[in-house]
Number of protein chains: 2
Amino acid sequence: MTARTSTETARDIPEATVARLPVYLRALTTLLDEGTTTCSSEDLAGAAGVNSAKLRKDLSYLGSYGTRGVGYDVEYLHFQIAREIGVTHDWPVVIVGIGNLGHALANFSGFRSRGFRVVALLDADPSRHEEQVAGIDVRPFADLGEIVREHGVAIGVIATPAAAAQDVTDAMVASGITSILNFAPAVLAVPPGVDVRKVDLSIELQILAYHEQRKAQGDPADPSEPAEAPEEATA
Amino acid sequence: MTARTSTETARDIPEATVARLPVYLRALTTLLDEGTTTCSSEDLAGAAGVNSAKLRKDLSYLGSYGTRGVGYDVEYLHFQIAREIGVTHDWPVVIVGIGNLGHALANFSGFRSRGFRVVALLDADPSRHEEQVAGIDVRPFADLGEIVREHGVAIGVIATPAAAAQDVTDAMVASGITSILNFAPAVLAVPPGVDVRKVDLSIELQILAYHEQRKAQGDPADPSEPAEAPEEATA
DNA sequence: AGGAGTTTGTGAACGTGAGAACAAAACCGA
DNA sequence: TCGGTTTTGTTCTCACGTTCACAAACTCCT
Ligand SMILES: NC(=O)c1ccc[n+]([C@@H]2O[C@H](COP(=O)([O-])OP(=O)(O)OC[C@H]3O[C@@H](n4cnc5c(N)ncnc54)[C@H](O)[C@@H]3O)[C@@H](O)[C@H]2O)c1
Ligand SMILES: NC(=O)c1ccc[n+]([C@@H]2O[C@H](COP(=O)([O-])OP(=O)(O)OC[C@H]3O[C@@H](n4cnc5c(N)ncnc54)[C@H](O)[C@@H]3O)[C@@H](O)[C@H]2O)c1
């Protein structure tokens with residue numbers, strides 16, 4: 001009990017904090033590009049669009065990487081957050097469903113620059129297999145297992161129609177994938193130990209529509225909207 | 001103070017509930033398509049991938065639309081949720097930035113079927129203005145104000161590079177748009193009264209990577225992962 | 001009509017997250 | 001060396017969200 005266990009990072013970071021770390025990482029990247037070497041929690045919080053107290057608390061879960069009276073070393077903090085998230089090395093990723101969205105994702109340069117590498121594009125439609133997208137061959141969906149084994153893929157992206165999403169999920173899980181990013185509007189069933197995150201355009205728009213309706217429907221001059229406070233923009 | 005104010009739906013629904021209503025709506029659409037006329041909270045919760053107690057509590061914010069001992073009338077509940085969200089009529093939407101992602105969004109059929117109508121595609125690059133995407137002309141970004149006024153647009157979608165996102169935002173706000181869905185990896189500054197939601201692929205992947213790293217790094221056989229419980233899939 | 005069986009709606013307990021406030025720790029200048 | 005200034009790390013409190021558990025309300029069958 002006296003000695004720390006074998007894993008060095010034995011703390012468990014709150015989920016809300018984990019979701020913000022990538023935002024901080026991006027803000028730090030911007031600061032690095034601008035040549036900034038040091039920043040205060042106030043600076044970084046502004047760039048990330050959050051409260052500075054919240055930022056400091058978030059960072060405190062990783063350790064004490066700041067210096068009181070000075071602030072944080074941008075490069076050092078960037079590395080520490082990248083290490084904590086696990087993007088100091090690239091993660092291999094497969095994309096399934098190379099339609100409208102799949103094409104856009106395959107061409108997305110941000111993948112590579114943020115710790116991910118697309119190792120394969122898969123589609124069930126044989127007419128797609130002639131194609132190359134972003135310099136990568138589109139391959140038959142049946143090759144999934146082989147590709148996952150060969151590259152040690154842990155993360156899969158689903159960009160198929162909703163009707164196919166569960167089948168694709170099951171195949172991914174069977175092949176050894178344990179993290180899935182789902183763009184299809186479907187609720188996926190997965191066994192324990194597999195993480196699913198969804199990106200859903202329609203849901204986001206409907207949430208906006210709800211608030212929009214309230215603005216219009218309620219008092220025409222109701223300032224009680226919980227809108228974002230004006231903040232610095234970051235790339 | 002004795003009489004209720006003019007607005008009928010004066011309750012304020014928790015934000016977490018608002019974010020789930022679209023999921024319920026979609027599950028109900030599926031049930032409707034299957035010809036189901038009635039469902040219990042257990043059924044619907046399964047289809048939506050949530051706890052049934054949470055579902056009932058969420059619905060209770062809208063009113064008492066169920067019947068004890070029976071369940072909910074699928075069609076009636078669908079209408080009530082759609083009305084609450086505000087998607088009984090279509091919302092006009094503009095998309096700015098018709099590159100890789102913008103093309104995919106313009107071609108996305110789910111817009112129309114879920115309460116939204118793309119009234120214009122805008123891009124700053126003149127070479128794009130020759131183009132038609134999904135039967136809609138790509139127009140100069142300068143036309144934004146005119147289009148917003150003409151169609152009464154309240155919702156804008158940003159699919160430009162991050163560097164342009166704040167400028168686009170400012171122009172949108174100036175033209176009268178009060179809800180923005182942002183796909184660019186940038187923190188946007190907006191005045192009070194304007195809502196911003198972001199969709200960020202890189203952040204989602206990095207969150208997955210964090211958990212993935214934990215699975216691998218910690219004990220190789222650690223079942224303490226807070227993974228999704230197996231649930232029914234829905235279209 | 002009445003009792004058994006179902007399922008909703010909600011009060012209460014619990015857990016997580018946000019923000020204010022401040023002591024501790026560093027730097028700086030004389 | 002020492003007081004003043006700055007900024008972090010942390011504690012405390014409040015608000016929000018989740019889940020349990022159960023009374024109220026409804027149906028169905030006898
Ligand atoms: N296009 C968008 O902007 C957008 C936005 C949000 C969500 N989505 C969702 O993303 C998904 C894809 O959208 P899209 O517009 O690219 O659709 P799409 O029809 O253009 O592409 C789907 C692709 O998936 C492939 N596919 C179908 N079944 C498959 C299977 N079992 N295994 C492998 N591949 C399979 C098809 O061959 C096709 O190439 C849909 O679920 C859609 O609702 C799209
Ligand atoms: N491609 C993807 O799958 C993907 C995924 C996630 C996020 N994103 C983000 O979405 C955004 C767009 O990505 P993309 O791949 O489509 O990029 P892209 O370069 O293909 O398209 C950007 C488009 O925006 C236009 N544009 C630039 N400045 C503009 C301005 N000031 N006003 C109006 N239009 C302007 C350009 O002319 C271009 O057509 C980027 O911020 C990217 O990071 C893309």
Completion exercise
Residues at least two apart in sequence or cross-chain that pass ring pair (Phe, Tyr, Trp, His ring centres under 6.0 Å) with A:Phe79, listed by chain then number, are none

Handout entry: side-chain contact (heavy atoms from CB on, under 4.5 Å) partners of A:Thr17, counting only residues at least two apart
Key = A:Ile13, A:Pro14, A:Arg20, A:Leu21, A:Asp58, A:Tyr61

Fill in the blank from the handout: Residue set satisfying side-chain hydrogen bond (donor to acceptor under 3.5 Å, both in side chains) with A:Asn100, at least two apart, ordered chain then number -> none

Exercise for the section: Nearest whole angstrom, please: distance from the C1' of C:dT8 to the OH of B:Tyr61. Expected result: 15 Å

Distances under 3.5 Å only, N/O to N/O: pair up the protein atoms with those of nucleotides 21-30 of chain C.
| from | atom 1 | to | atom 2 | distance (Å) |
| --- | --- | --- | --- | --- |
| C:dA24 | N3 | A:Arg68 | NH1 | 2.7 |

Exercise for the section: Sequence neighbours left out, what passes side-chain contact (heavy atoms from CB on, under 4.5 Å) with B:Thr37? Give chain and number order. Expected result: none

Handout entry: chain B contact limits on DNA chain D, taken 5' to 3' with a cut-off of 4.0 angstrom to heavy atoms
Key = D:dG17 to D:dT27

Exercise for the section: Calculate the interatomic distance between B:Leu55 atom CG and C:dT10 atom C1'; express it in whole Å. Expected result: 14 Å

Practice task
Using the test side-chain contact (heavy atoms from CB on, under 4.5 Å), find all partners of A:Ala19 that sit at least two apart in sequence or belong to another chain.
Solution key: B:Ile207

Handout entry: With sequence neighbours excluded, residues passing side-chain hydrogen bond (donor to acceptor under 3.5 Å, both in side chains) with B:Asn182
Key = none

Handout entry: Any A:Asn51 side-chain nitrogen or oxygen under 4.0 Å from OP1 or OP2 of C:dG17
Key = no

Practice task
Using side-chain hydrogen bond (donor to acceptor under 3.5 Å, both in side chains) as the criterion, list what pairs up with A:Asp170, not counting sequence neighbours.
Solution key: A:Gln166

Practice task
Could you pick out which residue, A:Lys57 or A:Ser64, lies toward the 5' side of DNA chain D when each is mapped onto its nearest nucleotide?
Solution key: A:Ser64

Problem - Protein-nucleotide distance (A:Arg20, atom CZ; C:dT16, atom P), rounded to Å - result: 15 Å

Practice task
May I ask you to say whether A:Asp195 pairs ionically with B:Arg214, meaning some side-chain N is under 4.0 Å from a carboxylate O?
Solution key: no

